[in-house]
Number of protein chains: 2
Amino acid sequence: MRILLLEDEPEMASALSAALEARDAVVDHVSMLADAEEAARSLPYDVILLDRQVPDGDGLSIVPRLRAAGVGTPVIVLTARGELEDRIGGLDTGADDYLVKPFAMEELLARLRAIMRRPGDVRSEVVSFGRLSYDFGCHDVLIDGERCELPRRELLVFEALARRIGRTVPRHALEEAVYGFADDIQSNTLDAHVSRLRRKLASLESGLEIHPVRGIGYLMRRTS
Amino acid sequence: MRILLLEDEPEMASALSAALEARDAVVDHVSMLADAEEAARSLPYDVILLDRQVPDGDGLSIVPRLRAAGVGTPVIVLTARGELEDRIGGLDTGADDYLVKPFAMEELLARLRAIMRRPGDVRSEVVSFGRLSYDFGCHDVLIDGERCELPRRELLVFEALARRIGRTVPRHALEEAVYGFADDIQSNTLDAHVSRLRRKLASLESGLEIHPVRGIGYLMRRTS
DNA sequence: GTCGCCGCAATGTTCCCGCAATCCGCCCAA
DNA sequence: TTGGGCGGATTGCGGGAACATTGCGGCGAC
């Protein structure tokens with residue numbers, strides 16, 4: 001496991017490094033924000049551990065920049081700033097977990113294991129695909145920053161496809177996302193919504209297109 | 001967002017439900033272990049919230065059973081048992097996060113958002129053979145990360161062979177995988193699919209090849 | 001009332017599938 | 001050695017299944 005550690009207190013840093021390396025992790029330790037951001041951008045770490053108080057700013061500040069740059073590496077914040085609003089702010093800035101110092105090393109290791117059990121990278125609350133961006137939080141579709149209204153069903157289809165952009169979304173998963181479990185749907189209503197959504201994405205020149213995957217479902221990807 | 005809530009204290013349960021539903025979540029509330037396990041097995045929730053102390057046991061105990069059954073839904077534990085070893089044990093049992101009561105509702109919501117930023121709720125099974133990888137969940141074949149389209153029948157053949165890579169798959173097992181049990185197939189249709197698949201694997205330089213095993217079936221292995 | 005979304009169904013379109021004809025390579029026996 | 005038989009390989013084609021598109025009636029929101 002490759003770990004990037006941003007921590008400016010030498011004692012804390014060496015203690016963490018030692019404990020992690022004892023668990024067969026490879027730790028890259030940096031003390032400055034800028035170094036951390038550059039390392040995270042250029043190397044594929046499995047997880048990033050961030051201290052908030054570092055000499056050149058708030059460690060948390062690199063998270064949105066990394067997410068915007070497409071770096072989805074999980075982030076765990078380690079900090080003495082443990083007030084409720086700090087924790088909430090940290091998580092909503094894009095961190096995956098938030099541990100308040102002092103913490104038990106065993107708990108950090110357990111939380112690392114929990115994060116490593118999950119496959120794939122984290123996705124930011126707001127995703128951008130070329131001219132189009134989507135905010136999963138407030139369900140807003142923006143094209144060139146302009147809000148674009150979508151009917152409810154089409155929005156649900158879009159959201160389900162956007163969550164797994166570039167990968168096939170099985171038909172039953174789409175039906176589940178658009179209707180509930182109980183809701184039984186007949187006919188080709190789902191296809192109709194997909195069709196209308198597809199046309200809108202095209203006419204808005206959103207840079208996204210929806211492809212059918214015969215016998216399986218649908219897939220959305222950037223226009224090639 | 002669909003949430004399964006296991007909580008036996010009525011006050012806590014209704015407070016949680018109300019707060020979550022105010023955020024547009026759909027909450028299924030159960031008070032017993034057995035109900036929670038059955039619901040989690042049969043319905044695809046986005047996240048499961050578990051209380052540990054419920055009348056018929058420890059809420060955590062269903063997590064390993066769900067994981068073993070292939071249910072990968074994220075789990076957040078909400079409990080009064082907040083000792084260090086409880087937290088570590090909870091995380092290592094398969095929980096994704098662990099919140100100790102009393103907690104601030106806002107923090108739970110933030111941790112929910114953090115978990116929902118992740119791409120899939122279900123751990124999809126992905127296998128890699130050199131340049132090629134296959135995702136059994138969404139049925140995507142990737143070569144060097146690039147999605148490669150396969151017709152449904154060929155995909156089913158590939159899937160059956162990939163499950164037993166390096167070992168012979170008998171003809172009847174392939175037929176069963178590609179068609180149902182009932183479906184009766186005549187002629188050499190299966191061979192035709194194998195042939196087309198083989199050609200594609202070769203022309204894509206996937207690093208995989210399909211060999212016939214005379215009188216038995218077929219076998220897929222890495223190119224030697 | 002009116003506007004717009006939804007579910008549904010009819011119709012058009014595309015592409016896959018099953019089939020079969022033919023070819024190839026291996027093995028065996030005369 | 002050679003011809004025949006057998007199991008598999010390959011490929012073109014017609015039918016049909018899956019998907020696309022669009023119009024309509026209904027109902028709910030405002």
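So that the names make sense, note that chain A is the first sequence line, chain B the second, and so on, each numbered from 1. Below, each value reflects all heavy atoms present in this structure, side chains not excepted, and no hydrogens, waters or symmetry copies.
- Near DNA chain D, meaning a heavy atom under 4.0 Å from it, residues 209-218 of chain B has P212(B), R214(B), G215(B), Y218(B) in order of number.
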Only pairs under 3.5 Å count here: list side-chain donor-acceptor contacts from residues 169-177 of chain B, not counting sequence neighbours, and write none if there are none.
unit_1  : atom_1 : unit_2  : atom_2 : d
R171(B) : NH2    : D191(B) : OD1    : 2.4
R171(B) : NH2    : D191(B) : OD2    : 3.1

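- Residue R198(B) places at least one side-chain N or O closer than 4.0 Å to OP1 or OP2 of dA9(D).
- Rounded to whole Å, the distance from CG on L197(B) to P on dG18(C) is 15 Å.
- Between the C1' atom of dC6(C) and the CG atom of L155(A) lies a distance of 15 Å, rounded to the nearest Å.
- Distances shorter than 4.0 Å separate none of the side-chain N or O atoms of T189(B) from OP1 or OP2 on dC17(C).
- For the pair D191(B) CG and dG18(C) P, the interatomic distance rounds to 13 Å; values are reported in whole Å.
- Rounded to whole angstrom, the span from the NE2 atom of H193(B) across to the P atom of dA9(D) amounts to 14 Å.
- Among residues two or more places apart in sequence or in another chain, the ring pair (Phe, Tyr, Trp, His ring centres under 6.0 Å) test is passed with Y98(A) by none.
- The CG atom of L150(A) sits 10 Å away from the P atom of dC6(C) (whole-angstrom rounding).
- For the OP1/OP2 pair of dG7(C) and a distance below 4.0 Å, the side-chain nitrogens and oxygens of Y179(A) include at least one atom meeting the criterion.
- Using a 4.0 Å heavy-atom distance criterion, R196(A) is classed as a base contact.
- For E205(A), the CD atom sits in a loose shell: 12 or fewer heavy atoms of surrounding residues, nucleotides or ligands are nearer than 6.0 Å.
- Looking at D97(B), its side chain never comes within 3.5 Å of a backbone N or O of I76(B) through a donor-acceptor pair.
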**Study point:** Stepwise salt bridge (Lys or Arg N to Asp or Glu O under 4.0 Å) check, D51(B) with K101(B)
**Key:** CA-CA 10 Å; D51(B) 184 14; K101(B) 294 179 187 175; 3.5 Å; yes
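- When rounded to the nearest whole Å, the span between CG of L201(B) and P of dT10(D) equals 12 Å.
- At least one donor-acceptor pair closer than 3.5 Å links the side chain of R87(A) to the backbone N or O of G82(A).
- Whole-Å rounding puts the L156(A) CG to dG7(C) P distance at 10 Å.
- Between H193(B) and Y179(B), the two ring planes are tilted [angle within 30° to 60°].
- Per the geometry, CZ belonging to R153(B) stands 6 Å off P belonging to dC17(C), to the nearest Å.
- Here the side chain of R152(A) is nearest to one of dA20(D), dC6(C), dA21(C), namely dC6(C).
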